[in-house]
*Asks:* 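If you scroll down you'll find the structure; I have some questions about it.
Numbers for residues simply follow the sequence, beginning at 1. Computed from heavy atoms alone, side chains included, the values below leave out hydrogens, waters and symmetry copies.
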Amino acid sequence: MAEKETHDLFCHTTNSMKDFAIWRQYPVNVVDGSSALLMFQMTVISLTSNLLENFLRPLGQPTCVSQILAGMIFGPTFLGTKQEVVRFHVPYKKFVNAVDSGIIWKFILYLYNRSEGRSCNDAKARSSCDVYRLFDVLHLCAASQSFTGFPVVSAFLYDLKIQNTEVGRLALTSAVFADLIDIIVAAISLTLGDFVSHPLLPVRAVLSNIALVVVVLFIIKPMVMWMVGPIKEMKLVGEKCIFIATAVTLLLAFVSEIVGQHYVLGPLIFGLVLPNGPPFGAALVSKLSTLVCGLLYPAYLAVTGLQTNIFEVDFQSAIIVGIIVVFGIIVKMGAVMLPALHSQVPVRDALVLGMILNIKGIVEINVYNFWKDNKTLQDGDYALCIVSVILTNVVVAPLVKLLYNPSMQQYNTLTRSTIQHSKPGSELRILVCIHNRENVPTVINLLEISHATEESPIAVIGLMLVKIEGRAAPILIANSQKGVPETESSSNISIFNALRSYEQNHRNSSTVQSFTSITHFETMHDDICSLAMNKRATIVIMPFHKKWAIDGSIESTNRSIQQMNRNVLKNAPCSVGILIDRGILKGSLSVLNSRLLFNVAVLFFGGPDDAESLAYASRMVRHDCVKITVVNFLLFGNANSKERKRDGDLINEYRQRNLGNQKFMYFEEVVRDGVELGGCLTKMVGCFDLILVGKYHQKSPLFTGLEEWNECPELGVIGDMLASPDFECAASVLVIHQPRMRVSETEPLVHDAPDDNSVCISMERRNQRMF
């Protein structure tokens, strides 16, 4: 006779909140109501998890660790045994029952396996059953060590801000394939699970699964694409579309259960056929992310911690499971490192890659909870598995953060990739970063005045920067000559067409390669720096984070772009220029066609960054429609310093190269302090269309008092002054930073002159003033 199943019953108070009002009775326990108890428990656990997360995040711990620990604090492991806490916060099973009601499982992905529970009520067979159960648990724990969940790896890499590194991309790719294999194996095991009971059941299950996939791919997908078609043109996603997508997800979960699979299979296939990225994918994620990531996901992990009781753990079982977990991690690291080393991946990167793929999270926890619900894992075994997840993350996460620093490993070069140190007539390789269509005229005009010729060509690497929306993994894709991928928006298509038009207009003197980076702003600098290094870029042009209106006021500010610019300045292997567009460079795609002469000024104060600005201007002056004016600001009473002599020799080199060129002008301004410097800048800014200036300058009395008002450190003192809305400047500004070969940026460097055989000549107009 089959044993009757037992079920846990939880009694909930049905009284309304007014029955517990403080004015009706005193003292009163307001958490006696089910709703009040649920809200109180979620509030307390949320505050505790956030507090733990703020404490553990500097140690490199993932968010799941703090959320599980928050649940364990109020569970039977810690405070759940205190009678005072129990009376006020009891029973924690009510919270478990309220949260674990079914809807949460519809939105949290991946439950992989299902096992049948076994009972051992017979006292005579209890010993042998315990041995069998222990063997079963060990084999399940060993199997769970092979899981590599893509959501877990992606979230871990995002927390460490290494998604866009070489190791990060390799880890994401490996996790996708491993996750796919896990899903296929889980589907096959569910399909063949009832083979013993009836030989024809697997055949029916296979046919029903195939039918489910066919329906999703050939019926639901065309309907979704038909629904999304008008959305791409209008870029607006209505509430009806979100509701339909959610309803179809729940329906496919129900159908998956009918055909004998877990209900995650149908929504998973449906998610694969949905268009990712904006507008539909981004809108869907924005609608559901707050509910899932802000409520359901933390609540689910808290429930896991509440159900974990480490006092149920048997010491002998803990040792055996610990050995299996450690052995599984070592084997998995070896399986990852050997192919990586064979593919000539550095040893440290291969080691870090193996550690990343050993990270644990929501996928493994889902599996353990599923086994626990099916009585495959007892309370002690379940606690061991959860503790193994926590300990694995506690060890692996800090080691990855300690061993892998992409900025120190990837972007350090032994040679300077700068305009100043390039050979005369060599190819100028410019990496231009574009955020939107409004950056295109500015970039095209800057390329025009850079003067591409057959003798000195320009290689343009266009990088379209797109904030990631509606997708999990960042991507860096190359746009082919036929156009951008189908997943790109119309804005990116127009940007690509503008770059291709520039290449056609300079067919024999310029080449264009375009790429698209879709990622988070926090890690976007990795794509920029890696592309600059791989393409051997000479200079990177970055748009400023502020946008000016027609009347000269600031229209908008993007702090994420500002931080990205700072990260690029810190890590770039080549020179970096931040372009502050005041609107003069905008208008037609070629401003030189509508102007007789384009005036460019170089503000020279000394230092490597100003030397790079001078080298860039020396190339621009070769254009027939570009006039260069170099203004050398000299400190009064500092005529005999070594720095002035060195800077004077450098300027002489460029003047010698442009001897006889009437469009290359040189002036000197002798100033005493910052007040006189500000007055000179105010007079001259209205005379030019573009101003080139270096970012860093050594400490000088000229900058005394100006540094205190520096709002944008990435521009330097002078660049920040020219970019300030209080400074009436109508000219666009290009702030240039030259990479350093030493650790300390404040340590002076020798300015190497261009490689030519010219001889320095004496300065003309040495005392002539410009204004």
*Asks:* Heavy atoms, side chains only, cut-off 4.5 Å: are W371 and D381 in contact?
*Replies:* no
*Asks:* Can N369 and V303 be said to form a side-chain contact (heavy atoms from CB on, under 4.5 Å), step by step?
*Replies:* CA-CA 10 Å; N369 282 329; V303 168; over 6 Å; no
*Asks:* Who pairs with L272 by side-chain contact (heavy atoms from CB on, under 4.5 Å), at least two apart in sequence or on another chain?
*Replies:* none
*Asks:* Could you work out, with side-chain contact (heavy atoms from CB on, under 4.5 Å) as the rule, every residue matching A383, not counting sequence neighbours?
*Replies:* T308, V313
*Asks:* How far apart are the closest heavy atoms of K695 and P713, and which atoms are they?
*Replies:* CE-O, 3.8 Å
*Asks:* Give the C-alpha distance, both sets of side-chain angles, the deciding distance and a yes or no for side-chain contact (heavy atoms from CB on, under 4.5 Å) between Q307 and I386.
*Replies:* CA-CA 10 Å; Q307 297 181 96; I386 299 301; over 6 Å; no
*Asks:* Given side-chain contact (heavy atoms from CB on, under 4.5 Å), test D379 with K372 step by step and report yes or no.
*Replies:* CA-CA 8 Å; D379 291 342; K372 182 179 184 298; 3.7 Å; yes
*Asks:* For the residue pair V167 and L353, what are the closest heavy atoms and their distance?
*Replies:* O-CD1, 4.1 Å
*Asks:* So H525 and K570, side-chain contact (heavy atoms from CB on, under 4.5 Å) or not? Walk me through it.
*Replies:* CA-CA 10 Å; H525 66 279; K570 181 180 178 181; over 6 Å; no
*Asks:* Using side-chain heavy atoms (C-beta onward) and a distance below 4.5 Å, is Y368 in contact with T304?
*Replies:* no
*Asks:* Only one of I73, I68, V65 clears side-chain contact (heavy atoms from CB on, under 4.5 Å) with L52; which?
*Replies:* I73
*Asks:* Answer yes if the side chains of Q562 and N558 hold a donor-acceptor pair under 3.5 Å, and no otherwise.
*Replies:* no
*Asks:* When you measure from the side chain of S154 to the backbone N and O of P151, does any donor-acceptor pair fall under 3.5 Å?
*Replies:* no
*Asks:* For F270, what residues pass the ring-ring contact (aromatic ring centres under 6.0 Å, His included) criterion, not counting sequence neighbours?
*Replies:* none
*Asks:* Are side-chain heavy atoms of L51 and L47 found at a separation under 4.5 Å?
*Replies:* no
*Asks:* Got a salt bridge between D159 and K401, using NZ or NE/NH1/NH2 to carboxylate O under 4.0 Å?
*Replies:* no
*Asks:* Would you mind reporting whether V347 and L341 have side-chain heavy atoms less than 4.5 Å apart?
*Replies:* yes
*Asks:* Of all heavy-atom pairs between P543 and H435, which one has the smallest distance, and what is that distance?
*Replies:* CG-CD2, 3.7 Å
*Asks:* Between G719 and V735, which heavy-atom pair has the shortest distance, and what is it?
*Replies:* CA-CG2, 3.9 Å
*Asks:* Is D720 reaching over with its side chain to a backbone N or O of L715, donor-acceptor style, under 3.5 angstrom?
*Replies:* no
*Asks:* Which heavy atom of A340 sits nearest to which heavy atom of A350, and what is that distance?
*Replies:* CB-CB, 3.8 Å
*Asks:* When you measure from the side chain of Q61 to the backbone of V394, do you find a donor-acceptor pair of N or O atoms at a distance under 3.5 Å?
*Replies:* yes
*Asks:* In Å, rounded to the nearest 0.5 Å, how long is the span from CE of M564 to CG of L569?
*Replies:* 10.0 Å
*Asks:* With the side chain counted from C-beta on, respond yes when C712 and K546 share a heavy-atom pair under 4.5 Å apart, and no when they do not.
*Replies:* yes
*Asks:* Say you draw a straight line from CG of L476 to CZ of R169; how long is it, rounded to the nearest 0.5 Å?
*Replies:* 5.0 Å
*Asks:* Mind checking side-chain contact (heavy atoms from CB on, under 4.5 Å) for N565 and listing every partner two or more places apart, or none if nothing turns up?
*Replies:* M542, I561, I578
*Asks:* With side chains defined as the heavy atoms from C-beta onward, is the minimum distance between K360 and C64 less than 4.5 Å?
*Replies:* no
*Asks:* Got a sec, which residues hit side-chain hydrogen bond (donor to acceptor under 3.5 Å, both in side chains) with E312, two or more places apart in sequence or on another chain?
*Replies:* none
*Asks:* Where is the tightest heavy-atom contact between F150 and D179, given as atom of each residue plus distance?
*Replies:* N-OD2, 3.0 Å
*Asks:* Are side-chain N/O atoms of D527 and N164 paired as donor and acceptor at under 3.5 Å?
*Replies:* yes
*Asks:* Working to the nearest 0.5 Å, report the span between NE2 of H520 and CD1 of I468.
*Replies:* 4.5 Å
*Asks:* Within this structure, what is the OG-CD1 distance for the pair S66 and I390, rounded to the nearest 0.5 Å?
*Replies:* 10.0 Å
*Asks:* So how far is it from S174 OG to L357 CG, rounded to the nearest 0.5 Å?
*Replies:* 5.5 Å
*Asks:* Take atom NZ of K161 as the centre, draw a 6.0 Å sphere, and report whether it contains more than 12 heavy atoms from other residues, nucleotides or ligands.
*Replies:* yes
*Asks:* Is it the case that the side chains of Y404 and D349 hold a donor-acceptor pair, with the cut-off being a distance below 3.5 Å and no angle test?
*Replies:* no
*Asks:* Return each pair, listed once, that meets side-chain hydrogen bond (donor to acceptor under 3.5 Å, both in side chains) where at least one residue sits in residues 320-336; pairs must be two or more places apart or across chains.
*Replies:* T148-K332
*Asks:* Main chain of D526, side chain of S530: is a donor-acceptor contact present, judged purely on distance under 3.5 Å?
*Replies:* yes
*Asks:* Would you say V345 and E166 make side-chain contact, with heavy atoms under 4.5 Å?
*Replies:* no
*Asks:* Do V152 and F147 touch side chain to side chain, with heavy atoms closer than 4.5 Å?
*Replies:* no
*Asks:* Would you confirm whether N567, through its side chain, and Q563, through its main-chain N or O, come within 3.5 Å as a donor-acceptor pair?
*Replies:* yes
*Asks:* To the nearest 0.5 Å, what is the distance between OH on Y300 and CG on N366?
*Replies:* 3.5 Å
